[in-house]
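Okay, structure first, notes after.
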Amino acid sequence: MKLPVLYAPALLCLFLVMPAAAAPAPVLENQDLRVEVDPAGAVRLLDKQSGVAWPLGTPHIVYTDHEVVPVKPSGSVRSGESTLSYAADPQLEFHIRLESNPPAMIYSFSGPFVSFVGKEIQEVQLIRRGLAVGPGEANYYAMPNRMGVRVTAEGDKPYGFRLPAYQTWGPGYSMAMLGAVKQGSALLVTWDAPYTELMVDYTVQPRQLTAGLALRDSARTLRLQPLGRGGYVEIAGAYRSVARRRGLIKPLAERVKENPGIAKLFGAADIKPFTFIRQVARGKDGKDRLEINFTFDEAAALAEHLRRDLDMDRAMLILAGWIRRGYDNQHPDILPAAPELGGNPGLADCSRRTKALGWIFGLHDNYQDLYQDAPSWSQEHIIKNPDGSMLKGGAWAGGQCYLICSRKGLELAMRPQNLPQVRERFAPTAYFIDCTTANRLKVCHDPKHPTTKADDMRYREQLLDFTRRQFGIFGSEEGFEWAVPHAEYFEGLMSHKTGFNIPSIAGTVIPLFELVYGDSIPIYTHQGDRAAPDNARYILDHVLYAEMPVYQFGNHRYWTDPAQEFKPAAGDSERLIFARGGRFGLTDQFIKNTYEVLSPLSRITAVLPMTDHRFLTPDRSAEATRFGEDVRIVVNYGSGEFTVGDAVLPRYGFLVRSPGLVAFCATRYAGLSYGEPTLFVMRSLDGLPLESSRRVRIYRGFGGRQLAWGDGKVEVDRERIVER
């Protein structure tokens with residue numbers, strides 16, 4: 001039917017005023033992922049496995065004058081077979097590419113950091129306030145701050161923070177990754193360059209977490225890998241594959257083939273006496289204060305006591321304060337060994353006696369801090385700020401220190417009078433260099449030795465490798481992933497779990513680092529964070545993560561001095577649970593009981609990855625881990641009892657089950673009820689599973705004397721070997 005001619009002009013006008021249909025957003029798609037880019041440059045990533053979408057937002061440019069500008073495509077978005085790209089002012093190109101095995105989106109940009117109008121770009125926030133997650137147990141971020149933190153959208157106050165690369169005191173991140181979980185769907189974000197900073201913001205209206213990634217200098221690329229249904233355990237597993245491709249995974253099982261001496265670390269307690277401290281004069285009297293806690297002879301006697309009286313067959317004795325003027329003094333001039341402690345002959349004898357026990361013997365050193373009263377003091381060694389001034393460090397026992405450029409620190413360590421002479425005179429089998437893997441990467445502006453962050457990392461790695469070649473085993477403070485292939489142990493990272501006072505972001509600690517690197521490097525607590533008889537929670541943390549403690553003990557020959565016996569505070573009886581047994585003083589009984597559990601557990605898990613971690617109660621008072629397929633651990637931090645299978649765990653109770661090792665602190669186990677918390681450890685001595693082993697060692701720490709065994713019971717006073 002034809003319309004009357006009268007209405008034709010009106011119809012024409014109607015078509016003219018109707019808006020043109022919006023052009024469809026450019027799409028990139030494969031079997032598992034779909035990416036869309038809208039006209040404003042906002043990116044949306046869809047995980048087809050779970051149906052959950054991840055909006056990334058629009059990229060933003062931050063200029064050095066702090067102006068923040070959103071990026072808008074200056075033309076159309078170009079589509080290729082597996083890429084999307086577009087140009088944007090100022091002279092930048094943005095690129096998106098899909099990978100299929102495993103499914104991932106590669107998000108990058110290229111171009112100079114100077115705009116067409118000459119303004120300098122400080123950073124490109126490739127993701128800004130994206131990856132939003134709301135409240136609820138199935139929504140959170142898995143943040144790689146130190147050990148790892150689970151951050152949820154909760155709280156009544158908004159906040160925001162940044163995590164720079166590889167920084168402890170600040171804080172920063174220990175691994176170049178971010179995990180996000182939304183509606184039970186997991187996403188892994190990774191990057192390569194240490195010039196990438198992680199940003200998190202929390203808003204109250206609505207309650208929501210958002211994340212961003214700011215890229216500076218040579219940082220140009222992010223990788224986003226949706227994982228389907230999962231949580232932080234699956235995120236850590238996916239990142240483990242990334243770390244392996246980057247060469248960061250170096251399993252201890254492989255290292256032992258290259259250096260059999262590393263096996264002595266498996267189940268080795270960290271025995272670290274502070275032998276000698278010189279506090280430089282700060283008072284009106286102008287006098288230094290000298291504190292001698294162990295001579296070299298007494299340090300060797302300490303090791304002999306722990307080995308012979310407490311049967312501690314694996315440990316490392318690491319002496320702090322052995323150098324010429326004591327702990328944190330006159331670095332890098334370490335020799336001769338402190339004459340107050342016995343000098344070079346005394347230290348050589350201590351080394352010989354300790355190694356004769358089958359222990360690792362090591363020394364604590366530092367190539368970051370330089371003191372002005374050191375014979376080698378020179379401004380030539382110091383990191384320079386942009387204005388040419390020297391970069392200060394902390395004010396420690398030796399006074400104000402300045403920070404050594406890592407290039408110069410390597411040179412100082414390699415001097416004949418430093419590590420080579422230490423090896424020649426004392427032959428330690430381990431060496432600990434403080435700060436190297438704890439402090440942020442730095443830039444040195446000295447024109448004689450300019451150093452970028454990437455250079456700083458490389459020189460630190462060379463210091464670690466040189467030290468390992470000298471002594472076999474290298475350890476350092478805290479711990480970052482870049483150092484994993486270059487070190488044998490970290491001292492400090494475990495303190496995130498124990499709650500030691502080092503800055504960390506708020507949230508629930510989760511074992512991200514352990515899930516990724518647990519079979520590549522043992523981790524300990526900080527030297528100031530020690531296992532003491534009244535700190536039962538500390539022991540549970542170590543049981544759960546299957547790591548060895550740094551023990552607290554007295555000075556000199558403390559075990560012969562009643563005045564040095566541990567004195568608990570009133571009302572501490574429950575927290576003294578692991579010091580029960582009465583065969584030694586509280587300090588030694590605590591060491592004996594906990595070592596009998598932790599050392600065999602650490603030995604069997606050292607070469608196994610942590611494969612699972614779970615919170616077992618809504619208040620997170622009970623936790624469980626798994627190593628490999630067969631080692632399962634449950635701990636109870638709660639004030640009440642917790643039942644797991646046929647075991648009832650009291651407060652501070654635990655259960656370890658594996659084919660060759662069973663250990664528990666329980667009030668009921670295998671059908672037997674105890675009237676008090678009871679500690680037993682059963683260990684196969686012939687490598688066979690317990691049920692078929694012909695030789696099983698049973699250790700009883702405290703509590704009931706009977707243990708269900710086979711079809712009957714056995715009675716144990718202290719320990720016994722059961723043979724079939």
Side-chain angles (χ1 to χ4, degrees), residues 37-44 55-78 84-96 106-132 158-167 170-173 176 178 189-203 209-224 383-389 391 440-445 450-456:
V37 180
D38 74 13
V43 178
R44 178 178 180 271
L56 310 186
T58 301
H60 282 62
I61 292 171
V62 181
Y63 291 102
T64 52
D65 63 3
H66 306 300
E67 181 185 8
V68 182
V69 179
V71 172
K72 294 183 179 180
S74 56
S76 60
V77 177
R78 302 185 301 276
L84 293 175
S85 60
Y86 64 87
D89 292 332
Q91 307 179 70
L92 297 178
E93 286 269 347
F94 290 81
H95 314 277
I96 296 172
I106 311 302
Y107 193 14
S108 64
F109 71 95
S110 58
F113 260 46
V114 178
S115 77
F116 67 98
V117 294
K119 289 182 68 173
E120 187 175 353
I121 296 173
Q122 177 173 293
E123 66 188 27
V124 174
Q125 296 179 0
L126 204 50
I127 299 176
R128 176 183 172 88
R129 292 178 180 165
L131 308 176
Y159 61 80
F161 59 81
R162 279 191 177 222
L163 298 183
Y166 307 125
Q167 175 174 295
Y173 58 77
L178 166 68
V189 187
T190 59
W191 53 92
D192 291 317
Y195 304 101
T196 306
E197 296 192 359
L198 177 55
M199 306 178 293
V200 172
D201 289 281
Y202 171 64
T203 58
L209 284 169
T210 56
L213 278 303
L215 286 70
R216 302 185 177 204
D217 298 316
S218 61
R220 290 291 190 275
T221 303
L222 301 176
R223 181 178 181 273
L224 295 93
I383 295 173
K384 303 304 189 299
N385 295 310
D387 63 1
S389 61
L391 182 60
R440 62 182 173 86
L441 300 174
K442 297 180 179 67
V443 175
C444 179
H445 297 272
T451 307
T452 66
K453 286 185 178 181
D455 295 333
D456 187 24

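Note that these values count all heavy atoms, side chains included, but never hydrogens, waters or copies made by symmetry. What you see is a predicted model; the values in this text were computed from it and never measured.
When the side-chain hydrogen bond (donor to acceptor under 3.5 Å, both in side chains) test is applied to Tyr173, the partners found at least two apart in sequence or on another chain are Trp191. Applying the side-chain hydrogen bond (donor to acceptor under 3.5 Å, both in side chains) test to His95 and every residue at least two apart in sequence or in another chain returns Ser110. Considering only residues two or more places apart in sequence or on other chains, Gln125 meets the side-chain hydrogen bond (donor to acceptor under 3.5 Å, both in side chains) condition with Glu123, Arg128.
Between Met199 atom CE and Leu213 atom CG the span is 7.0 Å, to the nearest 0.5 Å. To the nearest 0.5 angstrom, Phe109 atom CZ is 6.5 Å from Leu126 atom CG. Taken from CG in Asp201 to CZ in Phe161, the straight-line distance is 8.5 Å, to the nearest 0.5 Å. Note: Leu198 CG to Ile127 CD1 = 9.5 Å, rounded to the nearest 0.5 Å. Annotation: the span from Glu67 atom CD to Ile61 atom CD1 amounts to 9.5 Å, rounded to 0.5 Å. Atom OG1 of Thr190 sits about 10.0 Å away from atom CG of Leu178, to the nearest 0.5 Å.
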Intermediate values then yes/no, side chain to side chain contact (heavy atoms under 4.5 Å, CB included), Arg78 and Glu93: CA-CA 11 Å; Arg78 302 185 301 276; Glu93 286 269 347; 2.8 Å; yes

Asp217/Thr452 under side chain to side chain contact (heavy atoms under 4.5 Å, CB included): CA gap, chis, key distance, verdict: CA-CA 10 Å; Asp217 298 316; Thr452 66; over 6 Å; no

Val124/Phe94 under side chain to side chain contact (heavy atoms under 4.5 Å, CB included): CA gap, chis, key distance, verdict: CA-CA 11 Å; Val124 174; Phe94 290 81; 4.3 Å; yes

Side chain to side chain contact (heavy atoms under 4.5 Å, CB included) assessment of Leu215 paired with Leu222: CA-CA 9 Å; Leu215 286 70; Leu222 301 176; 4.2 Å; yes

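The shortest non-hydrogen separation linking Ala214 to Arg162 is CB-NH1, 3.9 Å. Nearest heavy-atom pair across Pro194 and Lys453 is O-CD, 4.3 Å. Pairing each heavy atom of Thr451 with each of Asp456, the nearest pair is CG2-N, 3.4 Å. Of all heavy-atom pairs between Tyr86 and Pro59, the closest is OH-CG, 3.9 Å. When every heavy atom of Thr203 is checked against every heavy atom of Pro158, the shortest pair comes out as CA-CB, 4.4 Å. Residues Arg223 and Ile106 approach most closely at CG-CD1, 3.5 Å, considering heavy atoms.
Between the side chains of Ser108 and Arg220, no donor-acceptor pair of N or O atoms lies under 3.5 Å.
When each of Leu224, Leu56, Val43 is tested with Ile96 by the rule side-chain contact (heavy atoms from CB on, under 4.5 Å), just one qualifies, namely Val43.
A donor-acceptor contact shorter than 3.5 Å is absent between the side chain of Lys72 and the backbone of Pro70. Using modelled atom types, one side-chain atom of Asp38 and one backbone atom of Gly41 make a donor-acceptor pair closer than 3.5 Å. Side chain of Asp387 to main chain of Ser389: a donor-acceptor pair is present (N/O by atom type, distance under 3.5 Å, no hydrogens or angles).
At least one side-chain heavy atom of Tyr63 sits under 4.5 Å from a side-chain heavy atom of Ile121.
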